[in-house]
2 protein chains.
Amino acid sequence: MNNKDAIACLAALAHEQRLAIFRLLVKEGPSGLPAGEIADAVDATPTGASFHLKELDRAGLIHATRVGRYIRYSVHFDRMRQLLTFLTEDCCQGNPELCGSTIKKARKVCTGEAK
Amino acid sequence: MNNKDAIACLAALAHEQRLAIFRLLVKEGPSGLPAGEIADAVDATPTGASFHLKELDRAGLIHATRVGRYIRYSVHFDRMRQLLTFLTEDCCQGNPELCGSTIKKARKVCTGEAK
DNA sequence: GCAATAATACAAGAGTTATTGAATTATGCA
DNA sequence: TGCATAATTCAATAACTCTTGTATTATTGC
C-alpha cells in the first residue's frame, strides 16, 4: 500500500453511504451481499448505490461477483488490513508505550506480521 | 465515534499532504512538531500547511499547542484508535476466523478493550 | 515601541465529486 | 422469444474542496 492507494481507500470511505456500505459488509463477512440488498440497507437509490459500490471497488476495498442475476459485494479484507497498517506504521518511532497504548501491537495483529 | 465523526476523520486523511502530515506526526509521537517544520517536511506552503492542519484538527485527529511563537501539532492518539475501532467493528459478525485473520483481536488491542 | 519571525485568516477562481433521471446491459423464467 | 428483475452507464446540474495570493494576528528580542 502506497500513499496513492491509501488516499483512494480513505476518500472512498469518507462518504456517508459508502461508509455505511463498508461497515455493513465488514459485519457481513466474506459471503457479502447483493447490490439491491445493500442499497435498501443504506437507503440509497439503485443508481446511487451502484455509483458508490463502484467507488469502493475502484479503491480495492470491496469486490464484486456475479451470482445469477445478482451481483454480490464483499469486503476485500487484505486491502482493509493494509490500510490499517499503513495508518499506524512506525507509530512513535517504534515506542508504542509513548502513545499510551499499543497501536504497534495492533498493527502486528492486523497484518499477521511476526516482526 | 459516530458516522459523522468517522467521515470527518477519513475525509481529513484522504488528501496527499494531509496524509503525509498525519503519518509524519504518527511517527513523531506525542511531542509533535511545529507547523513550519511540518510544512517543510511535506513540501507545503505556509498557507497550505495551515489549511491542512486545520482540517486535521477539525476532524480531531491532531491538536495544536502554542509554545512561544511556534505552534506544535501532535496526533490525538485516542481519536486515531477510535477510528480504527469504528472501521473494524463487529467484523464478520464476531467470527474473525471468517476473514482469514484477526481483525477483531486487532481491534481489542487498538482500543485496550478486555471484552 | 519596532522589526522580524511563525503562523493563521480571508477571498476568488479552478477543479473535483455527488446527485438525479433516463437509457442500457445482463440474466432468468415462462 | 418476450417479459420482468437486477444492476449499471451516461449526461447534466449542483455542491463541495483545493489552491493561490494577500492581509492579519501573535510572539520574541532589540
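Because the structure is a prediction, the values reported are computed rather than measured. Letters A, B, ... mirror the listed sequences (proteins, then strands); counts begin at 1.
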**Prompt:** Expressed in angstrom and rounded to an integer, what is the separation of B:Leu53 atom CG from C:dA9 atom C1'?
**Reply:** 14 Å
**Request:** Send over the distance from B:Arg58 CZ to C:dA9 P, rounded to a whole Å.
**Result:** 12 Å
**Message:** Does any part of the side chain of A:Val75, heavy atoms only, come nearer than 4.5 Å to the side chain of A:Glu28, both counted from C-beta?
**Reply:** no
**Interatomic distance, A:Leu56 CG vs C:dA18 C1' [rounded to whole Å]** = 14 Å
**Complete:** In numerical order, the residues of residues 5-14 of chain A whose heavy atoms come under 4.0 Å of DNA chain C are none
**Item:** Phosphate OP1/OP2 of D:dA6: any A:Tyr73 side-chain N/O under 4.0 Å
**Value:** no
**Asked** Heavy atoms under 4.0 Å, any strand shown: does A:Arg72 hit a base, just sugar-phosphate, or nothing?
**Response** nothing
**Summary of ring-ring contact (aromatic ring centres under 6.0 Å, His included) pairs that have at least one residue in residues 40-60 of chain A, sequence neighbours excluded** = A:His15-A:His52
**Item:** Side chains of A:Leu25 and A:Ile62 in contact at under 4.5 Å (non-hydrogen atoms)
**Value:** yes
**Prompt:** From B:Leu61 CG over to B:Ser74 OG, what is the distance, rounded to the nearest 0.5 angstrom?
**Reply:** 12.0 Å
**Request:** Check whether any side-chain heavy atom of A:Glu16 sits under 4.5 Å from a side-chain heavy atom of B:Ile7, and report yes or no.
**Result:** yes
**Item:** Between C:dA7 (P) and B:Asp57 (CG): distance, integer Å
**Value:** 15 Å
**Asked** Tell me, do B:Thr88 and A:Met80 make a side-chain contact under 4.5 Å, heavy atoms counted?
**Response** yes
**Request:** Please tell me if the side chains of B:Cys91 and A:Phe77 come closer than 4.5 Å, counting only heavy atoms from C-beta onward.
**Result:** yes
**Prompt:** Does any non-hydrogen side-chain atom of A:Leu13 lie less than 4.5 Å from one of A:Leu83?
**Reply:** yes
**Pairwise side-chain contact, B:Phe86 with B:Cys9, heavy-atom cut-off 4.5 Å (strictly under)** = no
**Atom-pair distance (CG on B:Leu33; C1' on C:dA6), nearest Å** = 15 Å
**Prompt:** With the sugar-phosphate defined as primed atoms, P, OP1 and OP2, and the base as all remaining atoms, what B/S/- string results for nucleotides 19-26 of chain D, 5' to 3', for protein heavy atoms under 4.0 Å?
**Reply:** BBBB---S
**Message:** Output the rounded distance in Å from CG (A:Asp40) to C1' (D:dA6).
**Reply:** 12 Å
**Asked** Can you tell me how far C1' of D:dA7 sits from CD of A:Glu55, to the nearest Å?
**Response** 16 Å
**Spacing between B:Tyr70 atom OH and C:dA4 atom P, to the nearest angstrom** = 17 Å
